[in-house]
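Chain letters run A, B, ... following the sequence lines, proteins first, then strands; residues in each count from 1.
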Amino acid sequence: MACNGSGCQSGCYKDEEEPKRENPAVPTKTDSASNGNICVKCKLNDSVSGYGGIDDGRFCADCFRSNLFGKFRYAVTSNAMISPTDKVLVAFSGGPSSRIALQYVHDLQERAQKNFDACRDRSLPVFGVGVVFIDESAVVPIPSGEMDEAVGFVSSVVSCLAPPKKELHVVPIETIYSSNSSDGKDRLLKILNAVSDPTGREDLLVNIRMLALQKVASEFGYNRLVLGSCISRIASHVISATVKGQGYSLPADIQYVDARWEIPVVLPLRDCFAQEINMLCRLDGLKTLKLSTSPSSTINGLVSSFVQLLQEENPSRESTIVRTAGKLIPFQFNKIPEITDGHVPLATRRRQKRYNLKSNESVSSESFCPLCNSPLDKSEIVNRSNHDNGSTGEFFYAACCSSCQYQILPRDSTTMEQFYTDLPQSIVSRSEEANNCNLSLLREQIQDCLLSDDEEET
Amino acid sequence: MEQERERNGRLCCLCSGRAALRRPKTLQQLCRECFFRVFEDEIHQVIVSNGLFTRGERVAIGASGGKDSTVLAYVLAKLNQTHDYGLHLFLLSVDEGITGYRDDSLETVHRNQIQYGLPLKVVSYKDLYGWTMDEIVATIGKKNNCTFCGVFRRQALDRGAALLKVDKLVTGHNADDIAETVLLNILRGDIARLSRCTSITTGEDGPIPRCKPFKYTYEKEIVMYAYFKRLDYFSTECIYSPNAYRGFAREFIKDLERLRPRAVLDIIRSGENFRISTTAKMPEQGTCERCGYISSQKWCKACVLLDGLNRGLPKLGIGRSHGVIGASRDRNERNGGKTIESKQCGTLDF
């Protein structure tokens with residue numbers, strides 16, 4: 001049972017911040033003007049600045065920490081991201097955002113553990129946490145020593161975050177090819193090198209990384225994938241998706257929850273600025289890792305420097321961008337599916353709080369791009385019959401979204417055919433699945449007129 | 001050999017003649033004549049596929065004397081003839097009363113009237129509002145005068161169109177303008193404008209719909225067309241906001257275009273495909289109690305501004321009174337007056 005009394009001293013996380021919350025969070029104008037360097041929240045300590053965003057310079061270090069953690073926790077609870085019975089996989093790149101995501105998930109788990117130990121009936125189990133690091137040395141030119149160091153760094157971070165113990169999975173990116181094929185690395189390099197547009201190559205790598213993460217999560221029985229995407233990252237994504245003509249599918253990518261994947265992806269740091277995250281790393285002495293990669297002139301790079309410039313000019317710009325895009329209608333898969341399984345304990349089910357889910361307005365989309373998994377708009381959904389006599393590669397090309405067609409897929413049909421054969425099975429099966437799904441839908445409609453159940457005879 | 005190959009490399013990809021230019025939109029090498037043809041054909045396709053006009057309509061072309069409207073007037077007049085749209089075309093200009101800028105550009109429009117054989121109507125701020133921009137700037141200073149000019153121009157065009165008794169008003173907004181507007185509306189959080197800024201025709205419920213035949217036409221191609229056709233246009237910046245053309249967003253779009261020419265069209269496509277929640281708050285459209293012009297408030301913006309001017313309170317209706325916004329403006333000022341938007345002169349609100 002969760003402790004709901006104020007007298008409970010078990011250390012459950014509901015209580016910890018209560019004393020601070022008693023102070024009015026919103027300062028009056030005269031306050032901030034007269035004593036600009038006193039924290040507006042606790043009114044005791046000197047405020048710190050340099051963490052950007054709208055709150056820059058308003059909080060002291062402690063209040064800053066609790067404010068930032070509050071944003072994370074609110075995102076987690078209000079979207080039912082993590083339930084007590086879940087097993088959560090945190091994608092850790094070594095960078096500041098995923099470092100904080102890992103730290104916060106750990107904090108949450110630690111508190112849940114304390115609650116569990118303190119509660120007599122043990123009705124709320126502690127969710128499990130695992131960490132995954134994707135080794136991309138196969139496709140990105142990184143000195144071999146550096147990658148070894150990175151792996152060492154990641155395992156030291158994870159081992160420091162115990163108890164409760166977290167399993168670490170260090171996985172090479174070519175894992176997306178089935179383990180018994182030894183040529184995975186070559187095939188992966190082949191498809192990446194077949195992409196002539198540098199932006200397209202970057203985006204394809206992002207898709208492949210997601211596939212690898214999904215594969216790990218699914219193989220080891222996780223049911224949530226936590227990404228450290230912060231508001232700054234999402235703001236850049238809003239602009240770059242707009243620039244790439246992905247206005248239709250954009251809302252799918254920027255919500256707290258993205259359950260179109262086999263393992264739902266959650267973004268608990270969606271409301272935190274990159275500067276805040278960097279500040280917290282500095283304050284708490286959290287070490288982060290930056291692999292040396294050569295900068296390339298891509299749309300993504302151009303957009304993020306543009307957004308950074310705007311953010312410097314106006315500290316709320318990034319959040320305005322994300323808020324604007326947040327008004328676009330999300331998709332049905334942008335929420336955690338409700339637990340309907342009767343085996344899940346009632347206490348856990350009751351825990352699934354949802355504050356801001358407007359399911360009545362979301363859009364259902366049945367067709368996805370097999371390459372980037374973004375929902376397709378009406379004009380992009382192809383009619384199979386138009387491509388019946390085409391090759392499999394041609395059909396795959398036609399099934400992809402127009403953005404992938406333009407920036408990733410080869411236009412020449414023989415290169416396309418080669419590209420298709422080098423694709424991992426998980427992508428190929430997506431396009432086949434979509435096709436089969438269409439066929440079975442058609443079959444359903446004519447079911448009553450069919451004389452045989454057998455596919456071959458009809 | 002070498003020379004021959006060089007010449008081969010410069011062949012028009014449509015007619016195999018000598019290529020004169022690389023088309024900004026597609027990077028195709030084209031000769032002059034083929035460029036003119038594809039440029040005009042594309043605009044014709046846009047007009048036909050969107051059903052912009054119907055036979056017998058009276059159409060006013062918003063003409064400033066600048067490159068966009070000059071090319072628009074020229075191309076529309078030409079298409080009207082070659083494809084027999086059966087339209088009655090007019091030039092409609094607004095005289096803001098800016099000495100040394102508008103008087104010169106209006107001369108260009110007067111010349112265009114003769115060159116293209118289109119009747120011209122000029123409406124002036126002085127006649128409509130009793131103030132010229134020169135007088136307004138003398139009262140309020142050089143800061144914020146674009147607010148007045150933009151608000152007044154919008155209404156002036158509508159009133160001029162009503163005087164001409166036209167069915168439609170076309171403006172020379174090009175693809176770059178629209179892409180910039182899409183981005184700006186995202187950056188500013190203006191969901192209402194974001195939802196309508198990509199429609200090719202706006203104000204269909206109002207008295208005079210406006211449309212933008214250059215919606216998919218690149219600015220650079222318009223300049224190219226004007227250059228190769230030796231069209232007579234006026235290219236000086238407004239004396240009251242000489243730097244209005246240098247904004248972050250515009251520069252960003254130019255950078256994007258260098259990396260990927262298609263980006264401009266992709267932004268417009270994104271803007272068209274955005275699905276905007278119906279529960280998002282939209283301002284209600286009504287009419288101004290004072291002049292009857294469309295307005296979401298009790299009085300339209302022009303009436304508010306005019307009232308301020310006439311009562312000697314010119315700051316009335318400009319910006320908002322919050323300190324924060326003033327502060328951020330000041331900061332912009334310090335940064336050399338650079339803002340995120342480029343065209344402050346009213347071209348942004350469609």
(message) Just so I understand: if I count every heavy-atom pair under 4.5 Å between each of A:Thr242, A:Thr298, A:Ile321 and chain B, which residue has the most?
(response)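 Looking at each of A:Thr242, A:Thr298, A:Ile321 in turn, A:Thr242 comes out on top.
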(message) So which residue, A:Ser305, A:Ser402, A:Ala325, ends up with the most heavy-atom pairs under 4.5 Å with chain B?
(response)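 Among the listed options, the one with the most contacts to chain B is A:Ser402.
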Could you tell me which non-hydrogen atom of [X] sits nearest to which non-hydrogen atom of [Y], and how far apart they are?
X	Y	value
A:Gly245	B:Arg269	O-NE, 3.4 Å
B:Ser270	A:Gly247	OG-N, 3.1 Å
A:Thr320	B:Arg188	CG2-C, 3.7 Å
A:Ile239	B:Leu183	CG2-CD2, 4.1 Å
A:Phe306	B:Leu187	CZ-CD1, 4.0 Å

Would you mind checking which part of [X] comes under 4.5 Å of any heavy atom in chain B, side chain (CB onward), backbone (N, CA, C, O), both or neither?
X	result
A:Pro198	neither
A:Ala241	backbone
A:Val322	neither

(request) Would you indicate whether A:Lys71, at its atom NZ, is surrounded by more than 12 heavy atoms from other residues, nucleotides or ligands within a distance under 6.0 Å? (result)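 Yes, the 6.0 Å shell around NZ holds more than 12 heavy atoms from other groups.
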(message) Is it true that, when you exclude A:Arg233 itself, more than 12 heavy atoms of the residues, nucleotides or ligands shown sit nearer than 6.0 Å to its CZ?
(response)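 Atom CZ in A:Arg233 is not crowded, with 12 or fewer foreign heavy atoms closer than 6.0 Å.
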(request) Start with the C-alpha distance between A:Thr324 and B:Ile191, add both sets of side-chain angles, then the distance that settles side chain to side chain contact (heavy atoms under 4.5 Å, CB included), and finish with yes or no. (result) CA-CA 6 Å; A:Thr324 316; B:Ile191 198 78; 4.2 Å; yes
Against chain A, label [X] side chain, backbone, both or neither, depending on which of its atoms sit under 4.5 Å from a heavy atom there.
X	result
B:Leu259	side chain
B:Val182	side chain
B:Leu256	both

(message) Nearest 0.5 angstrom please: B:Phe248 CZ to A:Leu310 CG, how far?
(response)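 With rounding to 0.5 Å, CZ (B:Phe248) is 7.0 Å from CG (A:Leu310).
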(message) Quick check for you: to the nearest 0.5 Å, what is the distance between B:Asn273 atom CG and A:Asp377 atom CG?
(response)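 One finds 4.5 Å between CG of B:Asn273 and CG of A:Asp377.
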(message) Is there a side-chain contact between B:Leu194 and A:Lys327 in this structure, where contact means two heavy atoms from C-beta onward sitting under 4.5 Å apart?
(response)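 Side chain of B:Leu194 against side chain of A:Lys327, heavy atoms only: no contact under 4.5 Å found.
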(message) Taking the side chain as everything from C-beta on, heavy atoms only, tell me whether A:Leu328 gets closer than 4.5 Å to B:Ile276.
(response)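 They are in side-chain contact.
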